[in-house]
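Values in this document were obtained by computation on a predicted structure and should not be read as measured data.
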Amino acid sequence: MRSKVVLRRLVKNKQTRYGLIGVLLLLILAYVGPFVAPYDWSDKDFMAFMQPPGPDHWWGTTQTGGDVFANTLRGLQKSLVIGFLVALISTGLAALVGAAAGYFGGWVDRILMWGVDLLLVLPSFLIIAILSPRLKGGTWLLFVLLLALFGWMITSRVVRSMTLSLREREYVLAARYMGIPGWRIILRHVLPNLSSLLIIDATLNVSGAIIGETSLSFFGFGVQAPDVSLGTLIADGSGPSTVISYPWLFLFPAGLLVALVLSVNLIGDGLRDALDPGSTS
Amino acid sequence: MGKYLLRRLAINVLLVAIAASLAYLLAASSLNPQVNFKGRNPPVPEATIDKTLDQYNLNPKKPLLERYGTWVSGVVKGDFGQTWEGDSVNEEMGRRVGVSLRLLLIGTILGSGLGVLIGAFAAVRQYKLSDRVIGVSSFVIMAVPVFVMATMLILAATGLNNAAGSKLIEFVGEYSPGLTGWDQFANRLVHLILPTISLCLGQIAFYSRIQRNMMLDVLGQDFVRTAMAKGLRRRTALFRHALRTALIPAATYFAFAFGTLLTGATFTEKIFGWHGMGAWLVDSINQHDVNAVAAVSTFAAACVLVAGFLSDLAVAALDPRVRVS
Amino acid sequence: MSILEVKDLTVTFPGGIEAVRGVNYSVSRGEVLGIVGESGSGKSVTSLAVMGLLPRNAVVSGSVKLHGRELLGMPEDDQIKVRGKTISMIFQDPLSAFTPVYTIGDQIAEAVRIHQKVGKDKAARRAVELLDLVGIPHPGVRAKAFPHEFSGGMRQRAMIAMAIANDPDLLICDEPTTALDVTIQAQVLEVLKTAQRETGAGIVMITHDLGVIAGMADRVLVMYAGKPVEQGPVDELYYRPRMPYTMGLLASIPRIDGEEGPLVPIEGNPPSPAALPPGCPFAPRCPMKIDACDDEEPPLTEIGGGRHVACIRSREIEHKGLTGADVFPVPVIPPNDVVRIPREQRPTVLELNDLIRHYPLMKGAVFKRRVGTVHAVDGISFDIAEGETLALVGESGCGKTTTLQQIMQLEPPQSGRIVVLGKDSGKLGKEDRKALRGDLQIVFQDPMAALDPRMPVGDIVAEPLRAHGRKNVDQRVAELLTLVGLDPSYAERYPQHFSGGQRQRIGIARALALEPKMLVLDEPVSALDVSIQAGVINLLEELKNTLGLSYLFVAHDLAVVRHLADRVAVMYLGRIAEIGTVENVYDRPAHPYTQALLSAIPLPDPEMERTRKRILLEGDLPSPADPPSGCRFRTRCPKFARLSEAERRRCVDEEPSVVRLANAVDHGAACHYAEEIEVITASDDQEEK
């Protein structure tokens, strides 16, 4: 069975193993950690401002006496949720748009691809940054939606070009000659045969979304206070003078962020090797 | 070919126009310059605010399309309007474009050039220690966002400066004031070190991975085998036949990589205190400065399209199959 | 004195897969050794091992001696002095074998400069000379062209030019003509013969085509499952094969010189190199198998006359004078009832009337603009009567695939008329069209691509049933699988668990699901190995007779067509050149193109190959975007060349249409000067009739 082969290859693959272990550990840390920690992320310890890491505040405290450990885990939770949600939505969107454009061709293709081209002219970072004042006071789910809405274009182009070649595949022609309508062919023949690509891209889109989220939050264009994400925490901890005097503010969230992105990328790369042994890119 | 290029140019101008309009409309509808006057002591009367904002075509009370019309008629004449404080956007842009382009140019050339070289080297030494080291480090570097990278470099440089006991590496601003001639030039170079590294490392990692994978892809192809069957050494066959062919897909990624570079430059400028377009974008969004935001967006769109155009030109130069005769 | 001596060569890939398991052969100067085998028999791996071009993870052992010097384990510094100088190689796919970014001339000049100390100019001049030698017109100009600007045949010529650039002693040709059309294949084989004359080199010719070997080789080596099973002089091996596999192979090939009756298939599939049977690897498929065959693998032993056989019953075969037809069971195919009724009285199932399909030729990436028109199908007409098989033949680019797509789409054509089972495709409503699809189904060429790899076989066969809302799907699927000779329990497996032949049967089962009246067969056997091909051809014939089907059979292999079809239409550049019953067209071809096509096909018969005179065509197929005026074939027509100036005028000015030939009931040709001649000498058993 194919799925067994893939599974065996995945488990045998060192990269994926490290990646899976990494993501699992981070998930446990994010969701179990808060129960073990002595402080809640909303607690303010007015006896300890800017304390370095110690037995009481494991990872030190912030300017306002917040516990860095609790804050960082809270931020990690948010970044994880946003990353996975965005990847799910944007990959789904990319699959539908790309497959429709590729399969139907003609004016459907032209209009969809023109939209993609236009969206690619302006960096998504810039568009979301411009729209960010509207996020203030709103729910972070809106932010997720924005990230997904401006993050699907490249995958959809790949899906489209692969659909173009699948469309001429004889089993698709056979289905068409049986009188099966286009949307059913896309759902039954085209997308299942792109599943390797979609799984790989969805994984890599998770790390892309996390970087996107933290980058925007870094400038205050993303997750809004009082909510925190790894991006806002890193922003609070950086700046030449802060980072030199109080490095723990920066190092812990930044370290977790890098570990998270690295783990997800490792899984994505390993998946590519297991699902798509022909390609090396 | 000339005709084709002209048409391509026309399309690009159209795309920039649409993108800029879109950016303006988004900015004008989501940013509100009135906020800047709130909470002042003494409070600014509403009529004064309206008058000031009307003067700069920034008053959200005016219908969006009317403001857009005014903006367009200015832009067509080459005037991007005024900031909310009444300064000319054009003048500010003139000061900042050079700063950004310098960073972008260095980032592009060093990033793609070194990346391709390192990737090719790794491909030739596939599975050897150097290949593995390059592979792992590029993988790790690609997991580090620019803003983390920049801050880490600052930490490292501070450590180095402390150890040396003097300011070996400076990282705030473009140059230290008060120097002239050669000293100023050398000082500028020193200031360039950290921004360049933080901007380039990611690009180098990206290109080296692509180039390595593409070369290994090409390596298994029939024509490399033919080259070896002719009596070329494996290494020569790789360099003469695989490298050149593998550059084609790398060139198509150029446009994509440039997008990331552009975003990355924003962080570099902001973190290292350079007064470029990226830093301006962040500041003007925070100040609800619609015209400035629209101007930066236009610049970004133009840059992306130029990069796409260059990427196409590079592919056409490298690949005889796509040349338009 | 042999140039190359290969002894006990084995190649093992990672995972313990033994692709080559002990190959021995030698080649002398001026000699042509043919290596035949089906896909996976290890024939190409053998030659790459000789060249030292296998991937680094392959383990090679044994001995390869070139002029007495051991090549295996030679350091790269010495290897590169041999490669391309003493031994050259010609690869199968000439498009991917040239580096796409350098010109053909530069690549040939590079080969010259690697081994000869000459300047750039001189090497470039030598490249032009070489291109001229292999018959490329305007070599000076063409040397500056890139590989993608060459046609397949021209690329293969250039490949040959590159291979002989340093006057090698040995040429290894790996399926050099497999990717080419027959008339181009004939040209390229001719060039190879020229190249051999020029260099006096020995040639190792690797192919699966027994016809090509018959015409080229002096000695033949037959490979099966990574090992040679029979070796000997070409005549001996073809006329008196001593190993059941060779016998079966020769008996399973459909022949263009028409033997009637069902083909003799070899049952089963070649073993996978990862799971070889104990004893003789052919034993599971061999009708002569006895218990002793499973004991140990028979070695290749000499039986005299320069022949070697690996079979424990070869003596017996020799004594009794057995042939493939004696040994392999000949299947019985039930007769067709429909054909007893005269053709005129049978209903017409498909009618094409002056069908035209033109495509715009686009250029440019962003704003596409139209730069011309591709005349893919340019006014063709034919009809198919119930119970009949019409074959549409022609080389790539002739428009046969476009014709087929036009029929299958059931949309109104650009111009002309398509009538399927009495219904005009231009006047169909949505519901009618869907209903008609049930009566008109298709079997595709590539059994790999025709089945969705993500669906179990049962779902694949059930797909048309569900799409048309049929009941009792599971029962019907089981029936269909049985009908095509597969086990109903296969329904739960996925396509990748089946061999090419089995997959093609699954494709046929799917096409039959809705009980169609007519099947379109798009090259249904061209992707299969010969021994498998025979079984599928027999199945198609049987299904036609028992189910009363009519076939439109699109193919480029004229031998298969002769075997399966009742009538044949030959296409050239979007037009029909000749049409008629198979006997008429094959035995008395009247159009010069048909004549050339038939004469280009190699016969698996060394004696006939030696005595045949080929009609070689000049040049390549003109672009369908710019067909010649008047008769489209005139630019390459051997007859046109012989006509007088006045006669030629008519060919240039007036486009010929298909005209029924005098004294023939069902035979027409589109040639102003049509004249029936015999191109293929009838084989012995046909003369007896």
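- Neither side chain, C:Ser623 nor C:Asp626, offers a donor N or O lying under 3.5 Å from an acceptor on the other.
- In this pair, B:Phe256 and B:Phe206 present their aromatic rings tilted. The plane angle is within the 30 to 60° band.
- Using modelled atom types, no side-chain atom of C:His208 and backbone atom of C:Glu175 make a donor-acceptor pair closer than 3.5 Å.
- For chain B, no part of C:Arg113 is nearby; none of its heavy atoms comes within less than 4.5 Å.
- Minimum heavy-atom separation, B:Ala314 to B:Ala251: CB-CB, 4.1 Å.
- Only the side chain of C:Phe91 comes within less than 4.5 Å of a heavy atom of chain B; its backbone N, CA, C and O stay farther away.
- The minimum heavy-atom distance between B:Gly115 and B:Tyr207, with the atom names listed, is CA-CB, 3.8 Å.
- For chain B, the option among C:Ala97, C:Pro147, C:Ala111 with the highest count of heavy-atom pairs below 4.5 Å is C:Ala97.
- Contacts with chain C (heavy atom to heavy atom, under 4.5 Å) involve these residues of residues 224-238 of chain B, listed by number: B:Arg225, B:Thr226, B:Met228, B:Ala229, B:Lys230, B:Gly231, B:Leu232, B:Arg233, B:Arg234.
- Within residues 157-174 of chain C, the residues having any heavy atom closer than 4.5 Å to a heavy atom of chain B are C:Met159, C:Met162, listed by residue number.
- With a 4.5 Å cut-off on side-chain heavy atoms, B:Phe258 and B:Leu310 do not count as touching.
- Within 6.0 Å of atom NE2 in C:His148, more than 12 heavy atoms from other residues, nucleotides or ligands are found, so the atom counts as buried in its surroundings.
- B:Gln203 places a side-chain N or O within 3.5 Å of a backbone atom of B:Ala257 that can act as its donor or acceptor partner.
- Interface residue C:Gln107: backbone and side-chain heavy atoms are both found under 4.5 Å from chain B.
- A donor-acceptor pair shorter than 3.5 Å can be found between the side chains of B:Ser130 and B:Arg125.
- Residues B:Phe299 and B:Phe80 have side chains not in contact (no heavy-atom distance under 4.5 Å, counting atoms from C-beta outward).
- Taking the six-membered ring for Trp and thresholds of 30 and 60 degrees, C:Tyr102 and B:His241 have ring planes more than 60 degrees apart, a perpendicular arrangement.
- Contact annotation for C:Thr99: both backbone and side-chain heavy atoms come within less than 4.5 Å of a heavy atom of chain B.
- Listed options C:Ile87, C:Ile80, C:Leu48 were ranked by heavy-atom pairs under 4.5 angstrom with chain B; first place goes to C:Ile80.
- For C:Leu95, no part sits under 4.5 Å from any heavy atom of chain B, backbone or side chain.
- At least one side-chain heavy atom of C:Ile3 sits less than 4.5 Å from a side-chain heavy atom of C:His67.
- When all heavy atoms of C:Gly52 and C:Gln79 are compared, the pair lying nearest together is O-OE1, 4.4 Å.
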